[in-house]
Structure formats: C-alpha cells, structure tokens
Amino acid sequence: MKSLRSPVDRALREVLAKAREKAGLNQEDVARRLGRRQPYISKIETGERAGMYVPEFVAIAEAIGADAGKLLDEAIRLAKPNLPTKRPPRKRRRK
C-alpha cells in the first residue's frame, strides 16, 4: 500500500528532530516540556503517528526553542524537489 505521508510531512519530522538535537535535547526533555510522555515525540519523529496539527508543530518548536516559521520554511525547501509539480498551462497559438 502506498504511503499517504507527503514529502512535506517527512521534511517537517526531519527538521523537528534536527532542531531538537541541535538544541541538545532528547525526546524525553521535549515531551516533559509539553507535559507529554516520550513516546509522543518518538511517534511524531518516526512518522508512526500520521500527520501533525499546526498547533502541535508550533508547540513542539517552542519547546525546542526554535522558530516554527523558520522550521516550516526549511521543511518546505527540503521537500520541494520531491513535491509533485503541475505543468504550466500551454499558451494557445494565435492564428
């Protein structure tokens, strides 16, 4: 069965995990700051839990001490080569 997870979803998980590591935090640290348990963070980072709500993404970014907007920009840049592209409409020739 084909995965329903998008390139942006994968990139979001990747940038959150990298930002967490860069901040010197482990999953337990982040979970504690959110009032959650460590498996919550693990399931998000590994993709075991499909998708993430925007408020969750922002809360996790804040718990890490990262700017959610910058992380989102980074994830989109990372995912862009893998995003499906639409062909531009053809220009009609005039007779």
Side-chain angles (χ1 to χ4, degrees):
M1 186 170 143
K2 187 176 179 182
S3 173
L4 298 176
R5 292 176 180 88
S6 73
V8 174
D9 183 53
R10 285 189 293 275
L12 283 172
R13 293 191 322 262
E14 188 176 320
V15 298
L16 279 175
K18 284 183 181 179
R20 176 183 57 74
E21 291 167 359
K22 184 178 177 184
L25 300 170
N26 60 36
Q27 291 177 346
E28 181 69 35
D29 297 328
V30 177
R32 193 175 312 113
R33 291 177 181 192
L34 294 169
R36 305 296 295 253
R37 297 180 61 218
Q38 179 272 334
Y40 170 76
I41 301 299
S42 176
K43 287 178 181 180
I44 287 173
E45 288 185 3
T46 62
E48 188 176 330
R49 180 171 173 260
M52 203 179 340
Y53 294 109
V54 173
E56 285 178 308
F57 176 78
V58 172
I60 294 168
E62 288 176 353
I64 292 169
D67 182 291
K70 289 180 181 177
L71 291 180
L72 181 58
D73 286 343
E74 185 180 342
I76 291 170
R77 275 194 309 277
L78 186 63
K80 260 199 175 157
N82 300 317
L83 291 176
T85 57
K86 292 183 179 178
R87 296 176 100 184
R90 285 184 169 182
K91 291 185 179 180
R92 297 176 76 173
R93 291 186 184 182
R94 292 187 177 171
K95 292 184 180 181

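Each residue takes its place number in the sequence, starting with 1.
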Notebook entry, point to check: Counting only N and O atoms by type, is there a donor-acceptor contact under 3.5 Å from the side chain of Ser42 to the main-chain atoms of Gln38?
Noted result: no

Check: Hey, is the main chain of Ala63 close enough, under 3.5 Å, to the side chain of Arg33 for a donor-acceptor pair?
Finding: yes

Note to self: Could you measure the distance from the CZ atom of Arg37 to the NZ atom of Lys43? Nearest 0.5 Å is fine.
What the structure shows: 9.0 Å

Checklist line | Rounded distance (nearest 0.5 Å) linking atom CD1 of Ile44 with atom CG of Leu12 | finding: 11.0 Å

Atom of [X], atom of [Y] and distance for their closest heavy-atom approach:
{"X": "Arg49", "Y": "Tyr40", "answer": "NH1-CE1, 4.3 Å"}
{"X": "Leu34", "Y": "Ala59", "answer": "CD2-O, 3.6 Å"}
{"X": "Ala11", "Y": "Ala75", "answer": "CB-O, 3.3 Å"}

Identify every side-chain donor-acceptor pair in residues 14-26 under 3.5 Å, counting partners at least two apart or on other chains, and give the distances.
{"unit_1": "Glu14", "atom_1": "OE2", "unit_2": "Lys18", "atom_2": "NZ", "d": "3.1"}
{"unit_1": "Arg20", "atom_1": "NE", "unit_2": "Glu45", "atom_2": "OE2", "d": "2.7"}
{"unit_1": "Arg20", "atom_1": "NH1", "unit_2": "Leu25", "atom_2": "O", "d": "3.0"}
{"unit_1": "Arg20", "atom_1": "NH2", "unit_2": "Glu45", "atom_2": "OE1", "d": "3.0"}
{"unit_1": "Asn26", "atom_1": "OD1", "unit_2": "Glu28", "atom_2": "N", "d": "3.0"}
{"unit_1": "Asn26", "atom_1": "OD1", "unit_2": "Asp29", "atom_2": "N", "d": "2.7"}

Next item on the list: Would you sort out whether Arg36 and Ile41 count as a side-chain contact (heavy atoms from CB on, under 4.5 Å), showing the intermediate values?
Entry: CA-CA 8 Å; Arg36 305 296 295 253; Ile41 301 299; 6.0 Å; no

Margin query: Under the criterion salt bridge (charged side-chain N to carboxylate O under 4.0 Å, His left out), I'd like the reasoning laid out for Asp9 against Arg13: C-alpha separation, chi angles, the key distance, then a yes or no.
Written below: CA-CA 6 Å; Asp9 183 53; Arg13 293 191 322 262; 2.8 Å; yes

